[in-house]
Amino acid sequence: MHAKPAPFGGRLQSSIQPDGDAAIRQTDSDAALARFSAVQKQYFTDPFIKHLLGRGSQFQPPRPPLINVGTYVRSEAIDALVDQWLDLSHAEGKKCQINTPRKDLLASYVEIDFPEITTKKAMSIRKNKDLSLLLGRPEDVKLAHGGTALHAPAYHLIPLDLRLPPGQALGNALNSDAGAGLLSPNLPTLLLFECVLVYMRPAESEALIQWFVDYFSAGDDGAVLGAIVYEMFGLNDPFGKVMLNNLRARNVDLPGAESYPTFDSLLQRFLRHGFDASHALTLREIRRTYISHQELERISQLEMLDEIEELELVLQHYAITWGVKLYERNGQSLKANWKGWALRAPEDQQ
């Protein structure tokens with residue numbers, strides 16, 4: 001299950017007043033443009049991002065090298081964690097519920113965003129054959145809820161404000177007539193929160209995670225629940241305060257950041273909900289230790305990056321936190337496998 005991705009600088013749900021949501025939604029365009037910029041500069045490939053840009057967006061100038069490098073590091077790390085999750089699910093002989101090009105391992109992918117955003121994405125998918133054919137036959141890809149939602153055999157795009165009490169809002173959305181039983185409590189399920197929870201009040205994000213913990217406790221076939229969070233943290237130091245002021249100048253607030261003033265505090269996000277394992281790495285550490293020397297050399301040739309010190313400071317204030325919750329019905333051997341879910345340093349970094 002996936003709450004919509006953010007640019008290197010962050011995006012999605014907000015706890016500010018409704019008239020401020022437009023500023024948060026605007027960062028959806030920032031997200032697509034940041035990714036498109038990194039693709040243009042050949043940091044990585046994404047043949048579909050161009051289809052999700054707004055009119056005329058493809059003609060905007062590329063983002064600065066600092067943004068491109070940050071987008072690359074974030075994408076590489078999350079992709080690696082997702083791939084390992086898929087391998088663990090495959091080893092258990094089960095399909096899982098997450099977004100992936102490895103469609104043979106996918107049971108369901110649920111994407112949630114503001115209605116204004118899902119409407120645009122649904123129309124982009126319907127209008128573009130390359131996108132639509134990925135999801136199934138034309139007759140199996142259907143708009144719903146007045147064009148704000150889209151359903152396909154293994155993909156579901158749902159309009160929803162995640163700030164709402166999940167017991168009612170999320171439960172109804174995942175069990176509506178259009179998508180009854182979207183998530184099975186019996187399958188390995190991975191939640192992706194890319195710059196989502198930081199825009200929510202702590203009580204809202206805590207309730208959201210707990211809802212999923214409770215939902216999968218009802219399974220009867222050894223479900224495993226995993227989660228990945230990518231967002232800013234430690235914004236109480238001088239550089240972090242500059243970041244906060246820059247966002248506030250755009251009418252964007254980060255109420256969720258206050259609960260995570262230090263690196264060690266990141267681990268508690270999952271542990272307080274009874275997860276069996278919790279890990280975190282800053283983007284700075286990922287770039288230094290988990291990207292191969294060969295890859296670092298390759299991307300260093302793509303464009304000149306003069307602001308190395310600034311890059312290090314920015315990367316130090318972004319982290320990827322991931323955790324896994326295993327229910328008692330899982331065997332000890334499976335527990336050991338799932339607890340080993342982690343980023344792996346390449347051989348030339350070991």
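What's counted below: heavy atoms across the whole structure, side chains too, no hydrogens, waters or symmetry copies.
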Task: Listed partners of Tyr72 passing ring pair (Phe, Tyr, Trp, His ring centres under 6.0 Å), at least two apart - done: none
Show the atom names and distances, to 0.1 Å, of all donor-acceptor pairs under 3.5 Å that link a side chain in residues 133-144 to residues at least two apart or in another chain.
| unit_1 | atom_1 | unit_2 | atom_2 | d |
| --- | --- | --- | --- | --- |
| Arg137 | NE | Asp140 | OD2 | 2.9 |
| Arg137 | NH2 | Asp140 | OD2 | 3.0 |

Task: Pairwise ring-ring contact (aromatic ring centres under 6.0 Å, His included) hits with a residue in residues 236-256, at least two apart - done: Phe239-His317
- [ ] Tell me who clusters with Met304, hydrophobic residues only, linked when side chains sit under 4.5 Å apart either directly or through other members.
- [x] none
Task: Other residues, nucleotides, ligands: >12 heavy atoms within 6.0 Å of Gln42 CD - done: no
Open item on the list: Would you say that Leu190 contacts Val82 through its side chain, given a criterion of any heavy-atom pair below 4.5 Å between the two side chains?
Closed with: yes
- [ ] Apply salt bridge (Lys or Arg N to Asp or Glu O under 4.0 Å) to Glu312 and list each qualifying residue two or more places apart in sequence or on a separate chain.
- [x] Arg284, Arg287, Arg288
Task: Trp85 ring center within less than 6.0 Å of Trp338 ring center - done: yes
Open item on the list: Taking salt bridge (Lys or Arg N to Asp or Glu O under 4.0 Å) as the definition, give me every residue that meets it alongside Asp46, ordered by chain and number, with sequence neighbours left out.
Closed with: Arg35
Task: Stepwise side-chain contact (heavy atoms from CB on, under 4.5 Å) check, Val229 with Ile320 - done: CA-CA 6 Å; Val229 173; Ile320 295 176; over 6 Å; no
- [ ] Determine whether Ile209 and Trp211 make a side-chain contact, defined as any pair of heavy atoms from C-beta on separated by less than 4.5 Å.
- [x] no
Task: Side chains of Asn245 and Arg248 in contact at under 4.5 Å (non-hydrogen atoms) - done: yes
Task: Aromatic centroids of Phe193 and Tyr230 separated by under 6.0 Å - done: no
Open item on the list: For residues 22-51, which residue pairs pass the ring-ring contact (aromatic ring centres under 6.0 Å, His included) check, not counting sequence neighbours?
Closed with: none
- [ ] Keeping to residues at least two apart or across chains, list the salt bridge (Lys or Arg N to Asp or Glu O under 4.0 Å) pairs with something in residues 225-239.
- [x] Glu231-Arg269
Open item on the list: Quick one, Thr282 and Tyr318 - any side-chain contact, counting heavy atoms below 4.5 Å?
Closed with: no
- [ ] Answer yes or no: is there a side-chain heavy-atom contact under 4.5 Å between Leu197 and Leu162?
- [x] no
- [ ] Would you indicate whether His90, at its atom NE2, is surrounded by more than 12 heavy atoms from other residues, nucleotides or ligands within a distance under 6.0 Å?
- [x] no
TODO: Not counting sequence neighbours, which residues clear ring pair (Phe, Tyr, Trp, His ring centres under 6.0 Å) with His273? List them please.
DONE: none
Task: Gln60 atom CD, over 12 foreign heavy atoms within 6.0 Å - done: yes
TODO: Decide yes or no for Phe275 and Leu326: does some side-chain heavy atom of the first lie under 4.5 Å from some side-chain heavy atom of the second?
DONE: no
Task: Any side-chain heavy-atom pair of Ile286 and Leu343 under 4.5 Å - done: yes
Task: Remaining members of the apolar cluster that contains Phe263, side-chain heavy atoms under 4.5 Å - done: Phe233, Tyr260, Leu266
Open item on the list: Between Ser184 and Gln97, is there a side-chain heavy-atom distance shorter than 4.5 Å?
Closed with: yes
Open item on the list: Looking only at side-chain N and O atoms, does Glu297 offer a donor or acceptor that is under 3.5 Å from a partner on Gln301?
Closed with: yes
Task: side-chain hydrogen bond (donor to acceptor under 3.5 Å, both in side chains) involving Ser37 - partner list, sequence neighbours excluded - done: Asn68
- [ ] Using the test salt bridge (Lys or Arg N to Asp or Glu O under 4.0 Å), find all partners of Arg126 that sit at least two apart in sequence or belong to another chain.
- [x] none
